[in-house]
Amino acid sequence: MTEIGRMVIRLEEVDSTNEYAKELIGQGCLEGTVVLSDIQTGGKGRLARKWESPKGGLWMSICLKPKDGLVGDKLGIIPLLSGCAAARAVSGISDLNARVKWPNDVIINGKKMAGILSESILNGEDRWVVVGIGIDVNNPVQEGYEFSDISTSITEETGRKFDLEKLMVQLICEFERLYNMAESGKDAEVLDEWRGMADTLGKKVSINRISGEITGIARDIDEVGALILELQNGHTETILAGDCQHLE
Ligand code: BT5
């Protein structure tokens with residue numbers, strides 16, 4: 001069983017908790033080490049996009065050394081289970097109905113409240129994964145940013161402020177539960193849990209991939225978390241990575 005958060009490193013400010021976590025792995029940190037920071041000056045999204053990380057949000061990374069049921073293609077399950085853990089933690093502290101959007105977002109009423117950045121690295125011969133989770137908690141995001149019209153925070157949804165420590169503890173508990181299920185071969189159950197919380201399935205979506213844009217109905221995910229898209233001509237296409245936009 002992998003214990004998450006036996007070691008928690010709390011910083012006031014850092015460029016990116018993911019980058020800090022990678023340095024810790026290089027220095028031989030304990031698996032399951034968690035890094036969080038009040039502020040990130042160089043927070044990252046996928047594809048080198050910027051992640052705004054002012055005070056008030058939960059910006060954290062987890063150092064993992066996946067084994068057993070989580071090797072090879074199955075590493076693709078990690079961002080999905082991270083999204084489930086984040087959505088459950090948000091719903092747990094706030095009573096909001098947080099849902100997951102393929103591949104890596106947590107949304108409330110269609111608006112993004114959290115994102116996941118999962119990075120795989122080699123440390124010597126060992127495969128490690130850093131999972132970065134960013135949740136907009138007490139920081140407003142509905143004004144002032146170019147993504148404001150498609151984002152929200154817990155405080156903007158509820159009108160209240162929340163204890164980041166409590167959210168972190170819930171997130172670690174949910175993450176540990178799902179991660180250990182996946183490592184011990186119960187990945188099908190983890191994916192079922194994702195399906196139960198998914199806002200994407202059954203919807204018409206447009207996926208922006210490096211190879212171009214594709215539109216269809218999101219029918220399901222496969223055993224490694226890839227999206228199964230039904231195209232207009234009735235064929236299906238399996239999408240491993242991309243940006244997903246819900247069209248309805
Ligand atoms: C993500 O990327 O959603 C992954 C975000 C991961 C952030 C965490 S915080 C802790 C750890 N350390 C890091 O440096 N990163 C991780 P992506 O799907 O590419 O979405 C990025 C896009 O979301 C940006 O291009 C903006 O449009 C938008 N965005 C930026 N900051 C945001 C915020 N605080 N809340 C909502 N949307 C944001």
Side-chain angles (χ1 to χ4, degrees), residues 4-5 8-25 33-64 78-80 82-87 89-90 98-121 129-157 164 167-168 171-172 175 199-200 205-210 225 227 239-246:
I4 308 294
V8 176
I9 296 170
R10 176 168 235 142
L11 308 166
E12 282 181 7
E13 188 176 303
V14 72
D15 54 349
S16 154
T17 53
N18 267 36
E19 291 307 312
Y20 194 93
K22 285 185 210 167
E23 282 172 28
L24 288 178
I25 290 169
T33 296
V34 169
V35 186
L36 62 154
S37 182
D38 291 345
I39 294 171
Q40 293 186 115
T41 52
K44 301 184 303 172
R46 293 173 304 146
L47 304 172
R49 288 187 283 235
K50 187 171 180 206
W51 183 260
E52 298 287 349
S53 318
K55 206 170 169 66
L58 183 69
W59 323 123
M60 79 175 228
S61 301
I62 309 173
C63 303
L64 302 163
I78 294 179
L80 275 69
S82 307
C84 277
V90 167
R99 316 270 297 157
V100 288
K101 176 179 170 220
W102 189 88
N104 71 326
D105 292 351
V106 173
I107 60 172
I108 306 270
N109 301 323
K111 292 188 159 192
K112 178 160 173 165
M113 172 175 284
I116 313 290
L117 173 65
S118 179
E119 297 184 276
S120 168
I121 57 161
V129 169
V130 172
V131 170
I133 303 173
I135 307 180
D136 295 307
V137 186
N138 299 321
N139 57 311
V141 289
Q142 289 187 1
E143 266 178 39
Y145 299 112
E146 85 279 3
F147 52 82
S148 284
D149 53 337
I150 51 163
S151 308
T152 191
S153 61
I154 308 187
T155 194
E156 283 166 321
E157 291 298 316
L164 291 181
L167 178 62
M168 178 198 74
L171 177 53
I172 287 176
F175 186 94
D199 202 48
T200 305
V205 299
S206 155
I207 311 284
N208 214 332
R209 303 170 295 177
I210 293 166
L227 188 70
I239 319 274
L240 278 170
D243 285 317
C244 173
Q245 200 192 345
H246 293 173

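Remember, it's 1-based here, ligands and their atoms both numbered in the order they're listed. Computed from heavy atoms alone, side chains included, the values below leave out hydrogens, waters and symmetry copies. Numbering of residues begins at 1 and proceeds along the displayed sequence.
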Under a 4.0 Å heavy-atom cut-off, which residues neighbour ligand 1? Ser16, Thr17, Asn18, Gln40, Gly43, Lys44, Gly45, Arg46, Arg49, Lys50, Trp51, Glu52, Met60, Ser61, Asn104, Lys112, Gly115, Ile116, Leu117, Gly132, Ile133, Gly134, Asp136, Phe147, Ser151
Considering residues at least two apart in sequence or located in another chain, which fulfil the side-chain hydrogen bond (donor to acceptor under 3.5 Å, both in side chains) criterion with Asn139? Asp136
Taking the basic N atoms (NZ, or NE/NH1/NH2) and the acidic carboxylate oxygens, is any pair closer than 4.0 Å for Lys101 and Asp199? no
Applied to residues 45-54, the salt bridge (Lys or Arg N to Asp or Glu O under 4.0 Å) test, sequence neighbours excluded, yields Arg46-Asp243, Arg49-Asp243, Lys50-Glu52
Check Lys112, Arg99, Lys111 against Asp105 for a salt bridge (charged side-chain N to carboxylate O under 4.0 Å, His left out) and give me the one that passes. Lys112
Please tell me whether Ser37 and Glu13 have a donor and an acceptor in their side chains that are separated by less than 3.5 angstrom. no
Which residues pass the salt bridge (Lys or Arg N to Asp or Glu O under 4.0 Å) test with Glu19, not counting sequence neighbours? Lys22, Lys44
